[in-house]
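Below: one structure, written as structure tokens.
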Amino acid sequence: MPVERTIENIYTLLEDVKDPEIPVLSVRDLGILRDVTISPEGKVAVTITPTYSGCPAMDTIEREVKEKLIGEGLDVEVITKISPAWTTDWMTEEGRQKLEDYGIAPPAETTADKASLFAKAKVVRCPRCKSEETSLISQFGSTACKALYRCDDCLETFDYFKCI
């Protein structure tokens, strides 16, 4: 018996498509999965938005979205939409928790970082020991969308997912 294809069913299938740089996060967790539509003819259109222009993971994500849905017997088109620009505000709360559980501090604020405008140091909580006594080591971590921090209590270094 064929499975009924609904938009929610497609979203659920796409939970299996992970960010290649942070494999605990799905494209839905990250908020880059923007829309799913199904035409009257049954063609599925999936709209994704890159986390930033030039993100090297987008080609892989597009390919994996197609592979997942074609593997389910669906006719699929992936549309990349750059406006409005992605923001960390689009991340799910579950995604933020997964980041921390994975050892990456989630974005500390809900909008772009403006701490430098007010000469205030950002408080980034250590994902390992939960201390707020941390120090910025580099504006760039293991990827361009992360910064590198060190916990002043447990002395471990960790990535921080920047607010965009």
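These numbers come from the heavy atoms of this one structure, side chains and all, not from hydrogens, waters or symmetry mates. Keep in mind that this is a model prediction, so the values were computed, not measured.
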**Asked** Yes or no on side chain to side chain contact (heavy atoms under 4.5 Å, CB included) for Asp35 and Lys81, after CA distance, side-chain angles and deciding distance?
**Response** CA-CA 10 Å; Asp35 193 26; Lys81 186 175 176 184; over 6 Å; no

**Request:** Please indicate whether Arg28 has more than 12 foreign heavy atoms, meaning atoms of other residues, nucleotides or ligands, lying under 6.0 Å from its CZ.
**Result:** yes

**Fill in**
Joining Ile, Leu, Val, Met, Phe, Trp and Tyr whenever any side-chain heavy atoms lie under 4.5 Å apart, the cluster holding Ile82 also takes in none

**Fill in**
When every non-hydrogen atom of Thr157 is compared with those of Arg128, the smallest separation belongs to O-NH1, 3.0 Å

**Prompt:** Do the side chains of Pro127 and Glu100 get nearer than 4.5 Å, heavy atoms only?
**Reply:** yes

**Asked** Can you tell me if Asp29 uses its side chain to pair, donor with acceptor, with the backbone of Ser26 under 3.5 Å?
**Response** yes

**Message:** To the nearest 0.5 Å, what is the distance between CG on Leu148 and CD on Gln139?
**Reply:** 10.5 Å

**Request:** Mind listing the closest non-hydrogen atom pair of Val27 and Leu14 along with its distance?
**Result:** CG2-O, 3.8 Å

**Item:** Aromatic plane relationship, Tyr149 with Tyr160 - under 30° parallel, 30 to 60° tilted, over 60° perpendicular
**Value:** perpendicular

**NZ/NE/NH1/NH2 to OD/OE distance under 4.0 Å, Arg5 and Glu72** = yes

**Asked** What's the shortest heavy-atom distance between Val24 and Tyr102, and which atoms?
**Response** CG1-CD1, 3.4 Å

**Request:** Answer yes when Glu15 and Lys68 have at least one side-chain N-carboxylate O distance shorter than 4.0 Å, and no when they do not.
**Result:** no

**Request:** State, to 0.1 Å, how close Met91 and Arg96 come at their nearest heavy-atom pair, and which atoms those are.
**Result:** O-NE, 3.9 Å

**Asked** Do you know which two heavy atoms are closest between Phe158 and Gly103, and how far apart they sit?
**Response** CB-O, 3.7 Å

**Message:** If we ignore hydrogens and angles and just use 3.5 Å, is the side chain of Trp86 paired with the main-chain N or O of Leu30 as donor and acceptor?
**Reply:** yes

**Message:** Between Pro106 and Phe161, is there a side-chain heavy-atom distance shorter than 4.5 Å?
**Reply:** no

**Tyr11-Ile38 co-clustered via ILVMFWY side chain contacts under 4.5 Å** = yes

**Message:** I need the minimum non-hydrogen distance between Val123 and Ala108, along with the two atoms involved.
**Reply:** O-CB, 3.7 Å

**Item:** Distance-only donor-acceptor check, side chains Ser131 and Glu133, under 3.5 Å
**Value:** no

**Prompt:** Sub-3.5 Å donor-acceptor pair from the side chain of Thr134 to the main-chain atoms of Val124, do we have one?
**Reply:** yes

**Complete:** Rounding to 0.5 Å, atoms SG (Cys129) and CG (Asp153) come to a distance of 5.5 Å

